[in-house]
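Contents: one structure, followed by commentary.
For reference, positions follow the sequence shown, starting with 1.
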Amino acid sequence: MQTMRKEGHKLIYEYNGEVLQIEPWGKNSLRVRSAMMRDIQNTDFALLADAGKGEGQEEIQTGTYESSIENGKLKAVMEVSDYNHKCRISFYNKKGKLLLEEYGDGGALNLDSRSFRPILGGDFGLTVTFSAQEEEKLYGMGQYQQDILDLKGCSLELAHRNSQASVPFLLSSRGYGFLWHNPAIGNVTFGKNKTIWQANSTKQMDYWITAGDDPDEIERAYALATGTVPMMPEYGMGFWQCKLRYWNQEQLLEVAREYHKKGIPVDVIVCDFFHWPHMGDYRFEEEFFPDPEAMVQELKSMGMELMVSVWPQVDLKSENFAAMKQKGLLVKSERGVEIAMRFGGESTFYDATNPKARSYVWEKCKKNYYDKGIRIFWLDEAEPEYTVYDFDNYRYYMGPNVQIGNLYPQAYAKTFYEGQRMEGQEKVVNLLRCAWAGSQRYGALVWSGDIHSDWETLRRQLCAGLHMGIAGIPWWTTDIGGFSGGNPKEEGFRQLLVRWFEWGTFCPVMRLHGDRNCEDRHVYRKDGSEALFTGGENEIWSFGEENEKILKKYILFREAMRPYVRVLMEEAHRFGRPVMRPMFYEFPQEEICWELKEQYMFGSDMLVAPVLYENAVSREVYLPKGASWTMVSSGQVWEGGQTVTVDAPLEEIPVFLRDGRRAELIGKI
């Protein structure tokens, strides 16, 4: 029985209702899709259609029980059992090394590597199972709140939450990259015996795999397949000032003027949430912000861009709610009351997967923000954040949330990116709290959400940032100091803030934000009604005079480092390289570098070792072989291939230059 065949540039297996096809999709890469009782769909959730147009270099061999397709450095082999006709796929590199293989039927166990379990009256629950390799190490997958670098042994929810971003691309130490090209809610388990990918509801299986000789080759192939970030605007490379929240125009301007008076450069200052009358009005509340255009112009005269917060929620009291509901531009509940969130009002979300909804929201924001000179947006709540994460209870234009919901933050970023590009804005960066594969090409700068202000959380953010870079999201940042739980007058928090600030200097974007404790959070309108609360002071002079000196020093260092940061941003734009890189990215030949989770490379030439523990005044740093390492603060030089212990008083973060490179672009702390 002939179950496999060549069809154009594709290798196809067909049996018992399943159609499985493998085809070239970029250099050294293959796309694998399977459907049950239907034709293969040409979805473009993250993968770029153009990336699949390089066919013609592949080699396809067909046989009765074994067939193969080879594209550059990657070869896929289909093996069909002569007993039950089930097909198993294995992937090899150019040297014939096994990279990844489906689990198979297990002999008498009679398992299915690709299991489509019907949902009565609907589509399928999908489970795809691969064999595990004991020595394999895995990285990427987006942002999860855990202090773990090697993901082998982890079980991860394929869903977004506040501070969790599922970006299902992983990089393996065995020399391949793998994208689960499915935005369905699900789960993945990287077990000792199996790797199991699950989608709760889907129409087909779809994944992409590439082979490379080193991590950089793999990341570049992934970037070509899904897109790269735009070039970062100049105002994205310096210091950003933010707090919860500057509740009126004069308060925001007073802070900006004080920074300017002190000679401290600020690239971006932020007008946070609830500067609007109701969520979904998409405009300033006139009582508190009477002249936004004058505010924007004064800020620009001081060299500052204004970033404004936009939420996807639409309050039932919003001036736009009735029209958006009538036009079908809102997310619908499958059951119960159509209220998705209860914070600052009862609201639901605009449906970012609907092109008409994207156009509607952008036109409102263009009129009320962009036309007033605002060029950068804070797209908060991007998961979106439901009051209860009942993923099966919401339906979008593109389908049920449980089937396509992880696509929402990408579509949210697309709303503003496409609007800004239509207005002629060449370089776009917008801040989002979530991302999925492909979000990067829409100018998404992701931050790690509403995290707590403590040392354990700080350590988790470093791992999260490294994984996000590997997952193809090179623009990433945190709320310096954490979002909640910090008291500016408390010495313990001040120490944490300083250490976090030092590390933030060497993040892709350096942004101070947080909901700081204060005695009086109340804000009232002229009529006596209460507006949303504000938070405590969060400017660099809020944490004591001595600490202000330290923080100013690092802002000025970031400014001096601007030429180097510009190089890193260009590499991210052109090649998809992460700005923050795990040690193994630059030194894959050293086994120890695959384990180091508390130091990293900021670009190719700067090693950063943040202080991540309370009261620590020194730390160990591993300096990789094949280079000399110059400590930026002291000028001391070490030869690589050793672990050194270096002093790290409160005012210093250990940073080293590789072979003294880029010294002219960096300066001295």
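- Closest approach of Tyr389 to His160, counting heavy atoms only: CE2-O, 3.8 Å.
- Counting only N and O atoms by type, the side chains of Asn430 and Gln420 include a donor and acceptor under 3.5 Å apart.
- Considering all non-hydrogen atoms of both residues, Gln410 and Ala46 come closest at NE2-CA, 4.2 Å.
- There is a side-chain donor-acceptor pair under 3.5 Å between Asp281 and Ser318.
- Partner of Thr228 under the side chain to side chain contact (heavy atoms under 4.5 Å, CB included) criterion, chosen from Arg577, Arg441, His573: His573.
- At least one side-chain heavy atom of Val509 sits under 4.5 Å from a side-chain heavy atom of Met232.
- Between Glu539 and Arg516 no salt bridge is recorded (no basic side-chain N to carboxylate O distance below 4.0 Å).
- Relative ring orientation between Trp247 and Phe288 is described as perpendicular, the plane-to-plane angle rising above 60° on a 0-90° scale split at 30° and 60°.
- Side-chain contact check for Asn182 and Thr202: at least one donor-acceptor pair (N or O, by modelled atom type) lies under 3.5 Å.
- Taking the side chain as every heavy atom from C-beta outward, Pro610 and Leu462 approach each other to under 4.5 Å.
- Side-chain atoms of Ile376 and Tyr235, non-hydrogen and from C-beta on, do get closer than 4.5 Å to each other.
- Between Glu381 and Arg433 there is a salt bridge, since a side-chain N of the basic residue sits under 4.0 Å from a carboxylate O of the acidic one.
- A donor and an acceptor atom, one from each side chain of Glu254 and Tyr246, are nowhere located under 3.5 Å apart.
- With 3.5 Å as the limit, one finds no donor-acceptor pair spanning the side chains of Gln143 and Ser448.
- The existence of a salt bridge linking Glu338 and Lys332 is confirmed by a sub-4.0 Å separation between a basic side-chain nitrogen and an acidic carboxylate oxygen.
- The residues Arg421 and Glu418 are annotated as not salt-bridged, no charged nitrogen and carboxylate oxygen being separated by less than 4.0 angstrom.
- Side-chain contact annotation: Glu423 with Tyr370, donor-acceptor N/O pair under 3.5 Å absent.
- Look at Asp267 and Arg558 and you find no salt bridge, because none of the NZ, NE, NH1 or NH2 atoms lies under 4.0 Å from a carboxylate O.
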Taking it one step at a time, do Glu456 and Arg460 satisfy salt bridge (charged side-chain N to carboxylate O under 4.0 Å, His left out)? CA-CA 6 Å; Glu456 181 181 7; Arg460 289 175 180 171; 2.9 Å; yes

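- What you find for Trp500 and Ile451 is that their closest heavy atoms are CZ2-CD1, 3.6 Å.
- Considering Lys364, Lys372, His278, Glu319 in turn, Glu319 is the only one that fulfils the side chain to side chain contact (heavy atoms under 4.5 Å, CB included) rule with Arg283.
- Side-chain contact between Glu490 and Asn517: absent, with no pair of heavy atoms (C-beta onward) separated by less than 4.5 Å.
- The closest side-chain heavy-atom distance from Trp276 to Glu285 is not below 4.5 Å.
- Counting heavy atoms from C-beta on, the side chains of Val308 and Phe377 come closer than 4.5 Å.
- Ser201 and Gln403 form a side-chain donor-acceptor contact under 3.5 Å, judged by distance and modelled atom types alone.
- Inter-residue side-chain proximity for Val167 and Met468 is flagged as met; some heavy-atom pair is nearer than 4.5 Å.
- Separation of atoms CG (Leu496) and CZ (Arg494) is listed at 13.0 Å; rounding is to 0.5 Å.
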Determine whether Tyr360 and Asn320 satisfy the following criterion, side chain to side chain donor-acceptor pair (under 3.5 Å), listing intermediate values before the conclusion. CA-CA 10 Å; Tyr360 184 96; Asn320 296 313; 3.3 Å; yes

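- From Phe533, atom CZ reaches atom SG of Cys518 across 10.0 Å, with rounding to the nearest 0.5 Å.
- Using a 4.0 Å cut-off between charged side-chain N and carboxylate O, Lys300 and Glu305 make a salt bridge.
- To the nearest 0.5 Å, atoms CG (Leu252) and CG (Asp272) are separated by 10.5 Å.
- Screening Phe273, Tyr412, Trp378 for a ring-ring contact (aromatic ring centres under 6.0 Å, His included) with Trp311, the sole residue that qualifies is Phe273.
- A distance of 10.5 Å separates CG of Asp291 from CD of Glu298, quoted to the nearest 0.5 Å.
- With values rounded to the nearest 0.5 angstrom, Ile555 atom CD1 is found 5.5 Å from Tyr259 atom OH.
- Taking the charged nitrogens against the carboxylate oxygens, Glu234 and Arg562 do have a contact shorter than 4.0 Å, which makes a salt bridge.
- A 6.0 Å sphere centred on CZ of Arg335 holds more than 12 heavy atoms belonging to other residues, nucleotides or ligands.
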